[in-house]
2 protein chains.
Amino acid sequence: MQATKKQTLYDTLRQRVLTLELAPGSALDETILCEEFGVSRTPLREILQRLAAHGYLEITANRGATVSSMNLSVMRSFFQTAPMIYASISRLAAENATPVQTTQLKAEQRQFRIAVKRNEVIDMAMSNHRFHEIIGEMAASPYLLPSLQRLQIDHTRMSQTFYKSRNRTDHERIDSACEQHEQLIEAIEKHQPATAVDITRQHWELSRHQFERYVQPDPLPIDPLSPIQAPTQVDNHAL
Amino acid sequence: MQATKKQTLYDTLRQRVLTLELAPGSALDETILCEEFGVSRTPLREILQRLAAHGYLEITANRGATVSSMNLSVMRSFFQTAPMIYASISRLAAENATPVQTTQLKAEQRQFRIAVKRNEVIDMAMSNHRFHEIIGEMAASPYLLPSLQRLQIDHTRMSQTFYKSRNRTDHERIDSACEQHEQLIEAIEKHQPATAVDITRQHWELSRHQFERYVQPDPLPIDPLSPIQAPTQVDNHAL
DNA sequence: TGAATTTTTATTGTATACAATATGTATTTT
DNA sequence: AAAATACATATTGTATACAATAAAAATTCA
């Protein structure tokens, strides 16, 4: 019966980490979470163990759980690893995707479009996350999936700023991403690995550009009195 | 104090899985393990959760933990993924390895040599596992490491037959592997990524040939009465 | 006999109480 | 007043008892 309760617990905490509702590095209070979810500490702690092993949390002995930190030292490795893993996953997905999975993917893309249209930040982040997660499932590679999932945790968290942005250029980029999703679905459905890899590469480049601005904000104008030409509202407090 | 106890529990169970002392698919009895390790079910279950999340076990709700199965359906994906991940890890290791880590790697290689000389199957398997694990640490890529670890679980388990073999050819191959380790250490120490990748590729090919015989044993002689030319004692009961 | 149902047993899941550890506060000492 | 120590509080870790679920055995009914 209460397998549902534990799953809810896992999913909810996971979402809070991914949407930055729980800030990187922040501590989790077992007692408070127990009250909130109406469970005792035993099952809660088992879930925390799982979340930690999956990379969402970090557990230190006798000092409890904290949300996984996103430090700059791993960024390099993120940018090195992501394109390779994403490309491999897309290739395998295009080779192995079943019709049922393609249907799932299309459904998730509809959710994403709706969230984009309504400008619902959390829904955008989560449906985009789920979209790429489904592609991961399509790849059917238990050995590649763990790395994809680790990448996605930080990718989704970094994307928050992107989704939250009320900037014109960013909105256009979100639309581009949405269009790339459609193309990717088509390539996967038609079993065209090469095309899928290429679109994935473009999709990654779009993200990468965004992240570069995020990590390294636009330089200040030379003349501090002249108005800033392209007013970008990037807040990089999270990193 | 008892953080040690839990770590021992984790390490011991992990080793039993890796050395096939616990057969793939076999069930774990919580009560028996509790008695053996002198802990109650609460901490034991937390460890089982961790082991499951790391790919050593599979936990089904209301039905307990079993050792991760090694079915043929994932073999394809294993052979597809392994060379790419191993190569990437080696490249990064050669780029980033610190002197301290290189020293560790050399120490582990000494252990491996000793185990090979003494023909200690478990020690061979575990020190070889640890050897490649250290290279994984050298790579310093939290995003690539999870896939490497998943691959290593099954790689080490499959290697058991290899190490157990009393066959002449197999022994020569183990010596080759040992020599490749030395070359790999040198490439890493001298920060030569290209060389490290190349040796890794050769090292993988050696494994792959072994696995092919393992999964698909030598064909029977055409004339069933003539003696078998190369008596290979490959027992592929585990797969 | 044999299929279906109930009862029993074993195993897994959860709550709670208690122990161990870490952290914060007060007190003592110089 | 500053440092050091002792004490108090909060948090984490573990054991145990009990509840829920699954599996096995026994019983019933056709």
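In what follows, chains carry the letters A, B, and so on, assigned in the order in which the sequence lines appear, proteins first and then strands, with residues in each chain numbered from 1. On a predicted model such as this, the values are computed, not experimentally measured, just so you know.
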task: Could you walk me through whether His54(B) and His54(A) pass the ring-ring contact (aromatic ring centres under 6.0 Å, His included) test, one step at a time?
output: CA-CA 8 Å; His54(B) 289 150; His54(A) 288 151; 8.4 Å; no
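Atom CG in Asp29(A) sits roughly 15 Å away from atom P in dT23(C) (whole-Å rounding). As rounded to whole Å, 15 Å separates atom P of dG13(D) from atom CG of Leu9(B). Summarising the geometry, the separation between CD on Glu30(A) and C1' on dA15(C) is reported as 14 Å, rounded to the nearest angstrom. Regarding Glu46(A), its CD atom lies at a distance of 8 Å from the C1' atom of dG13(C), rounded to whole Å. Atom CG in Leu44(A) sits roughly 10 Å away from atom P in dA15(C) (whole-Å rounding). Distance CG (Leu28(A)) to P (dT12(D)): 9 Å, rounded to an integer number of Å. Whole-Å rounding puts the Glu35(B) CD to dT14(D) P distance at 19 Å. The CG-C1' distance, from Leu33(A) to dA15(C), rounds to 17 Å in whole Å.
For Asn62(A), the listed nucleotide lying nearest its side chain is dA22(C); candidates were dA22(C), dT14(D), dT14(C). Taking only side-chain atoms of Arg45(B), from C-beta outward, the nucleotide of dA22(C), dA15(C), dT12(C) with the closest atom is dT12(C).
Ionic pairing of Arg63(A) and Glu58(A) is not present here: no N-O contact between side-chain nitrogen and carboxylate oxygen is shorter than 4.0 angstrom. One finds no salt bridge joining Asp11(B) and Arg14(B) here, because no Lys/Arg side-chain nitrogen approaches an Asp/Glu carboxylate oxygen to under 4.0 Å. Taking a cutoff of 4.0 Å between a charged side-chain nitrogen and a carboxylate oxygen, Arg113(A) and Glu120(A) do not qualify as a salt bridge.
Taking 4.0 angstrom as the limit, Arg63(B) places a side-chain polar atom (N or O) nearer than this to OP1 or OP2 of dA23(D). Side-chain nitrogen and oxygen atoms of Lys6(B) include at least one within less than 4.0 Å of the OP1 or OP2 phosphate oxygen of dT14(D).
Donor-acceptor pairing under 3.5 Å, judged by distance alone, is present between the side chain of Thr42(B) and the base of dT16(D).
No side-chain heavy atom of Ser147(B) sits under 4.5 Å from any side-chain heavy atom of Tyr143(A).
Between the Ser68(B) side chain and the Tyr56(B) main chain, a donor and an acceptor come within less than 3.5 Å of each other.
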Can you name the atoms? Protein N/O to nucleotides 17-19 of chain D N/O, anything below 3.5 Å, with the distance.
none

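Ring centroid separation for the pair His129(B) and His155(B) does not come in under the 6.0 Å cut-off.
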